Amino acid sequence: MSAEIEIISREDIRPSSPTPSHLRTFKHSLLDQLIPAPYAPIILFYTSPDTTATTTLSEVPKRLELLKQSLSKTLTQFYPIGGRIKDELSIDCNDKGANFLVSKVNCPIDNFLSQPELTILHKFLPTEPCPEGSNSVSYVTNIQVNVFQCGGIAIGVCISHRILDGAALSLFIKSWAERTRGCNKLTHPNFIASSLFPTSNLWLRDLSLEFWGSLMKQGKGVTKRLLFKNSDIATLKAQITAISLNSTRLEIVSAMLWKCLMDVSKARFGIKRPSFVSHLVNLRRRIDDALCPQHAIGNLLWLVAADHMSEHEIGLGELVCKLRDAITKIDNEFVEELRGDKGKLIMHESFRGIRERGSKNEVEYFGFSSWCNFGFYEADFGFGKPTWVSSIASTGSIVLNLIILVDTRLGDGIEAWVTLDEEAMKYLKANPDLLTYATFDPSPLAMSNQ
């Protein structure tokens with residue numbers, strides 16, 4: 001269902017305590033230059049409790065005030081995100097605060113979630129995810145609380161990707177939720193990334209901008225959601241056990257989508273075009289705990305790629321193995337090399353290798369990113385856990401073939417947000433193998449009640 005969203009207030013929420021002078025300038029790490037996207041956007045939808053709409057609505061002012069107060073306290077701990085972007089290498093931790101908006105939505109939340117219109121999801125966010133020109137981005141943190149007619153709430157968050165990846169974003173949301181609920185035991189961040197990967201220049205940013213730009217695809221994009229239930233993932237895994245015994249849900253779903261996307265090429269063009277995929281890998285679990293505590297903030301990511309450059313058919317199990325081999329190479333030893341004297345050379349060679357694959361004629365590229373196991377569905381601000389955690393649909397004419405993988409609310413599956421050009425999506429929706437194991441655009445309400 002469509003919805004109209006009207007902004008009714010806007011203010012800056014400042015940290016509850018001033019940032020010490022010696023922490024005034026926050027330096028980015030080298031890996032903060034890896035992802036050129038301005039923001040890491042996410043929306044958390046909270047349906048109203050089992051009470052009358054009148055009772056729920058009467059609670060909204062109190063909830064908004066609690067969210068503001070707890071955000072102010074959280075910004076004191078996460079002090080860089082309460083400042084302003086100073087330049088490409090640093091944040092001015094000046095305590096000017098987060099951009100905080102409140103909107104009203106002209107329908108009950110259950111009506112919207114019964115079959116959400118993906119193309120309007122960006123309206124639940126406090127800013128455009130990709131604003132025109134980098135100079136238009138100054139707030140590090142932007143939050144919009146959307147209040148539905150029934151008292152249900154959607155919290156849209158856009159925090160600069162220069163300081164947070166998905167794992168760090170989930171840590172911030174978890175900490176904010178804990179403070180809103182008044183928890184005694186609180187999660188605290190650790191700003192260790194800039195000492196793990198220090199930098200004084202922008203060579204990786206320039207390299208990554210050139211790299212990602214070379215993989216962009218012109219065309220009108222369309223985004224669809226696909227639900228892979230754990231039972232169907234288990235069926236797929238049983239088919240490939242002889243080839244890939246220890247494969248994860250993430251690897252199986254990624255490989256299945258990759259295989260179906262190759263089938264799309266064959267259906268469109270008469271031949272199976274060569275292709276490759278990339279996956280962003282969280283480095284936190286691959287760094288010694290003494291160096292990188294659990295709650296490390298920053299972009300602690302690296303990019304891996306796997307390919308199938310032949311036009312010959314390939315099975316799901318072989319694709320899973322290709323992905324798994326690429327991902328498992330990112331281990332403690334690799335991270336130490338990345339941090340060492342050979343780090344710059346490794347990064348250059350990695351980007352060059354992926355670009356060389358993409359520069360060949362009629363090679364198709366698909367980029368995967370995972371939000372799985374980040375705990376977004378645990379974010380309880382005192383009015384229950386989210387019913388649905390949402391990405392957004394692709395907008396604009398420049399489309400990166402992107403797949404975002406998200407856990408379901410009950411942990412019983414993986415939801416894939418797939419963005420393709422319109423023609424490719426038509427073929428994907430008709431792919432018989434995919435339809436056997438996945439459901440297109442299921443109702444978030446039905447997903448949360450299964």
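If you read the sequence from its start, that first residue is 1, and numbering goes on from there. Given the structure is predicted, the values throughout are model-derived calculations rather than measurements.
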Can you check whether [X] reaches [Y] side chain to side chain, under 4.5 Å on heavy atoms?
X	Y	value
Leu204	Met347	yes
Phe148	Val60	no
Ile163	Phe26	yes

Minimal non-hydrogen separation, Ile109 against Thr47, with atom names = CG2-CA, 3.8 Å
remark   = For Val140 and Pro80, the nearest pair of non-hydrogen atoms, with its separation, is CG2-O, 3.8 Å
task = Could you label the plane-to-plane angle of the Trp302 and Phe351 rings as parallel, tilted or perpendicular, counting under 30° as parallel and over 60° as perpendicular?
result = perpendicular
Ring geometry between Phe383 and Phe381 (parallel below 30°, tilted from 30 to 60°, perpendicular above 60°) = parallel
query = So which of Leu169, Thr141, Val157 actually passes side-chain contact (heavy atoms from CB on, under 4.5 Å) with Leu164?
reply = Leu169
remark   = Tested for side-chain contact (heavy atoms from CB on, under 4.5 Å) against Arg339, the lone hit among Glu337, Glu336, Lys342 is Glu336
request  = For Ser72 and Ile13, indicate whether the former's side chain and the latter's backbone hold a donor-acceptor pair under 3.5 Å.
outcome  = no
request  = Would you confirm whether Thr76, through its side chain, and Thr19, through its main-chain N or O, come within 3.5 Å as a donor-acceptor pair?
outcome  = no
task = Might you work through the side-chain contact (heavy atoms from CB on, under 4.5 Å) test for Glu4 and Val105, ending with a clear yes or no?
result = CA-CA 6 Å; Glu4 293 181 7; Val105 188; over 6 Å; no
task = Carefully, step by step, assess Phe440 and Lys224 under the rule side-chain contact (heavy atoms from CB on, under 4.5 Å).
result = CA-CA 7 Å; Phe440 272 90; Lys224 293 290 181 181; 4.0 Å; yes
key: Asn184: partners by side-chain contact (heavy atoms from CB on, under 4.5 Å), with sequence neighbours left out   = none
ask   = Given the rule in the salt bridge (charged side-chain N to carboxylate O under 4.0 Å, His left out) test, do Arg24 and Asp92 qualify, once you have shown the distances and angles that lead to the verdict?
value = CA-CA 6 Å; Arg24 179 65 184 250; Asp92 184 5; 2.7 Å; yes
task = Please report the C-alpha distance between Lys68 and Glu11 in whole Å, then the side-chain angles of each, then the deciding distance to 0.1 Å, and finally whether the salt bridge (charged side-chain N to carboxylate O under 4.0 Å, His left out) criterion is met.
result = CA-CA 10 Å; Lys68 293 177 187 179; Glu11 61 184 299; 2.6 Å; yes
ask   = Which is it for Asp165 and Arg284 under the salt bridge (charged side-chain N to carboxylate O under 4.0 Å, His left out) test, yes or no, and what are the steps along the way?
value = CA-CA 11 Å; Asp165 58 11; Arg284 288 167 180 80; 2.9 Å; yes
request  = Return each pair, listed once, that meets ring-ring contact (aromatic ring centres under 6.0 Å, His included) where at least one residue sits in residues 57-107; pairs must be two or more places apart or across chains.
outcome  = Phe78-Phe172, Tyr79-Phe191
task = Could you tell me whether His279 and Phe368 have their ring centroids closer than 6.0 angstrom?
result = yes
From CA spacing to verdict: side-chain contact (heavy atoms from CB on, under 4.5 Å), Arg205, Glu88 = CA-CA 9 Å; Arg205 182 209 62 174; Glu88 297 285 350; 3.4 Å; yes
request  = Using the ring of Trp203 (Phe, Tyr or Trp, six-membered ring only), decide whether Lys344 places NZ or CZ under 6.0 Å from its centre and within 45 degrees of its axis.
outcome  = yes
ask   = Is the NZ or CZ atom of Arg84 positioned over Tyr139's six-membered ring, under 6.0 angstrom from the centre and within 45° of the axis?
value = yes
message = Using the rule given for salt bridge (charged side-chain N to carboxylate O under 4.0 Å, His left out), can you reason through Glu210 versus Arg355, listing the C-alpha separation, both sets of side-chain angles and the distance that settles it, and then say yes or no?
response = CA-CA 10 Å; Glu210 182 182 356; Arg355 282 200 65 185; 2.8 Å; yes
